Novice: 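Take this structure first; my questions come after.
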Amino acid sequence: MEQAVEANKRPIVFSLDLEDHLGLYEAEGRFARNMEKILDFLEDSGIRGTIFTVGRIAQSHPGLVRKVVERGHELGCHSWQHTPLDREERSAFTAETRLAKELLEQVSGAAVSGFRAPIFSLVPSSLWTLDVLGELGFTYSSSIMPMASPLYGFPGAPATPFRWPGGLVEFPCPLARLGRFRIPYLGGIYLRYSPEFLTRQCIRRTTPAAMLWTYIHPYDFDSAEPFTRMPGTSLPTSILLWLNRRNTFEKIKFLFRNRPAIRFQDAMSGVAGYRELPVFDPERHQLVH
Ligand SMILES: [Zn+2]
């Protein structure tokens, strides 16, 4: 029982990936209208978080990016146009990520120090991107799913915060062990489809040293969107992503009812000792100090 109370008090980083799931970036896009509603909801609920934003949105919707920062959220970078890192090439990735960071900072007037890879695509074959992120002045990333996954995963990586050899801090996606499975329960369809008791149970089953964070998108809240095949997904996946969006606002309310909502920048500057994090050597699959 005591353990349950403790689990309830754990802060959770509210993080959202601001992208156009249809890849259109039109001024009237659903993602922008949804984000306006989400910003009002977060304001009413007293939740401040980290909004990882695709660079193209600073170009197409500068007012929306400004509003994110005006409302007290931290602005992070979610790549230039959501290309998975394993499909990137070094010079284009460097130029586009630099442009994304500069535009986001210019438009918002706020420093951008966090990066999230599209679809957790920081994997062993895309580790070279870490040097680029360091060169561009990022100080942390939340880009890996530390398990084997049919899409993108980094099995063998730590499930608790660590540093890459170049110094960048990594906050791995929080996972809960349920029997043989490990579940990234605080985001996307996992969060939407899990009943509250299961989410609560998962929080208890996450190692206390892990940083808890959500990952959610404007479309996760959009129950009125007509069915649309999402680019790059199979039909069954598109259906899964489309259904069961009606309770997302309630789900977020439930998550933060008794737990503090924080931003990654709070975690970085807080008392949690992130400066002394162990270094993970991806070659040897080991933590070294
Ligand atoms: Zn994304």
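Computed from a predicted model, the values in this text were never measured in an experiment. Counting starts at 1 for both ligands and their atoms, in listed order.
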Novice: Tell me if the CZ atom of Arg245 is crowded by more than 12 foreign heavy atoms within 6.0 Å.
Specialist: yes
Novice: So, with waters excluded, how many protein N/O/S atoms does the Zn ion (ligand 1) have closer than 2.8 Å?
Specialist: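 The number of such protein atoms is 3.
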Novice: So, Thr228 side chain and Pro226 main chain: donor-acceptor pair closer than 3.5 Å or not?
Specialist: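 Flag set: sc Thr228 to bb Pro226 pair under 3.5 Å.
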Novice: Measure from the side-chain N and O atoms of Arg90 to the backbone N and O of Thr94, and report whether any donor-acceptor pair falls under 3.5 Å.
Specialist: no
Novice: Is it true that a side-chain atom of Thr50 and a backbone atom of Phe264 form a donor plus acceptor pair closer than 3.5 Å?
Specialist: yes
Novice: Can you check whether Ser45's main-chain N or O pairs, donor with acceptor, with Lys253's side chain at less than 3.5 Å?
Specialist: no
Novice: Closer than 4.0 angstrom, basic N to acidic O: yes or no for Glu105 and Lys101?
Specialist: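 Salt bridge between Glu105 and Lys101, a charged N being under 4.0 Å from a carboxylate O: yes.
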